[in-house]
Amino acid sequence: MSDPAWIDAALTSARPQAVGALLRYFRDLDTAEEAFQDACLRALKNWPVNGPPRDPAAWLIMVGRNSGIDAARRRSKQQALPSEDAISDLDDVEAPLAERLDGADYRDDILRLLFICCHPDLPAVQQVAVALRIVCGLSVAQIARAFLVGESAMEQRITRAKARIGQAKVAFETPGPAERAERLAAVAAVVYLIFNEGYSSTGEEADRKAPFAEEAIRLARLLLRLFPAEPEIMGLTALMLLQHARAPARFAPCGELILLEDQDRTLWNRALIAEGLALLDKALRHAAPGPYQVQAAIAALHDRAPRAQDTDWREIDALYATLERMTPSPVVTLNRAVAVSKVAGPQAALDMIAPLAQPLGGYFYFYGAKGGFLMQLGRGREAYEAFDRAIALAGTAAEAAHIRLHLDRLAKDAEASAR
Amino acid sequence: MLYAILCYNDEAVTTSWTQEEDDAVMAKLQVVHDQLYADKLLGPSIRLMPTTTATTLRKSQDLVLDGPFAETKEQLLGFYIIDVANLEAALQVARDLGKANPGGAYELRPINIYQPGIEIK
């Protein structure tokens, strides 16, 4: 019951709630984090002896609050510490506190904690780093390794980001419905950002960022427990589950990216797919569609196809058209063009992406897709040019390697036809 | 005597397990399951998806609500059906399962009516 792995899991899962409550109490992020850290140290000492408390989060908040107050007193008066006994007997206070925490308060605490990471002045990557550090409790070393920077550089970045957050006026009173909805939307975006930071990486980077996707799913499930009737939060959770389910099939042993149509579908995680489909099913009942639900529906169509050739591209095309209306962007149109190429052929797809050359002129995937359509049309020379551009724009070695495969095939075809 | 062993645990913790940790727990449980099959004690067993996937129907007003029926600190995450001589034997099964999967609690409930229904694959 009190084995170290269990305590570790309990501390991790209590973290957003505990730090969120301590932040409301102290109104200062550093104080809240220090207080939580101190409470964790005491838990590691206390729980193996006395058994874990019934409500770990309530215990940590209580102890963290006392420790934060003590620290403030020490700083102001250089007073002596209260003895360990004075704070170790918490059984009496735990019950009423736990009851109060079951109220709506802690929902807003967690939301506020996540929301401060979405500060608009922070670049996306820093939002991700700060959320992983503060909300998920990943160590600075872990985050630094993932982003390929030194530990002290990452420490500095996070400190600077936190200073910015500190200057921002975050409302500590209970938010109204409109403000809560706004915060929830911003928080959903940062959760998906964390997921994508992990999911879109390739090669060695993918190994280092593998925990990001799982952290994002954990946060989404947490949000869903707090806001059980929000269809877009269901959609977001479903979307990430349905994509993450394919993770075991996405990379070759040498680290090379395997495209969806070439993946070994027997490696997909059926439990995650089933959970994603169940959530999407729940969301659709609300008849309040949104971008996350539509993207989840697209992911579901891929996951449902037993083989790549069974994919319902017509439906995917229709869903991308819906997504284009909801959130018009050249990238969405580019994705739609892939579905169009399957339904109406490569020429229709090429026509569709022609106007995108300007906005997506620096985008690897644009030239990758363009080269693919041209290749299907037998326009080898133009395809070659497009792939060449793609390689120049490739962000990772794995991306470049993938395009090189196409180039090799074009070269072979050219050779064969010359003979 | 038929008993249901209802499995309760903090889902925030169990869904935080990594795939490896989850696999390790399931592998340890499988050893216990196999012994229970050999002893002819264990019937169907079910693991539920997280409560985030749950929907509740309030019968009187035909009200459909998102989420589980009861908001509890520990959630119902699955159950076993066992066929044992008495409560003491049922408790022994629960203890064996608990050693493989610590944390949370098991509720032992005698079964009133058991209908296997259609065969489910």
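So you know, we letter chains A, B, ... as the sequences are listed, proteins then strands, and number each from 1.
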Inset, instruction - Examine whether an atom of Q19(B) lies under 4.5 Å from a heavy atom of chain A, and if so say whether it belongs to the side chain, the backbone or both; otherwise answer neither. - result: side chain
Inset, instruction - Run the salt-bridge test on R109(B) and E107(B) with the 4.0 Å N-O cut-off and return the result as yes or no. - result: yes
Legend entry - A229(A) portion near chain B, given a 4.5 angstrom heavy-atom threshold: both
Legend entry - Test: R250(A) cationic atom under 6.0 Å from Y199(A) six-membered ring centre, within 45° of axis: yes
Legend entry - Taking every non-hydrogen atom, the tightest pair across R58(B) and L65(B): CG-CD1, 3.9 Å
Legend entry - Greatest number of heavy atom pairs closer than 4.5 Å to chain A - which of P68(B), G67(B), A12(B), G98(B): A12(B)
Legend entry - Part of A274(A) lying under 4.5 Å from any heavy atom of chain B: both
Legend entry - Most contacts with chain B, counted as non-hydrogen pairs under 4.5 angstrom, among E215(A), M234(A), R221(A), E214(A): R221(A)
Inset, instruction - Below 4.5 Å from any heavy atom of chain B, which atoms of D281(A) appear? Answer side chain, backbone, both or neither. - result: neither
Legend entry - Whether over 12 other heavy atoms sit under 6.0 Å from F69(B) CZ: no
Legend entry - Under-4.0 Å salt bridge between R95(B) and E88(B): yes
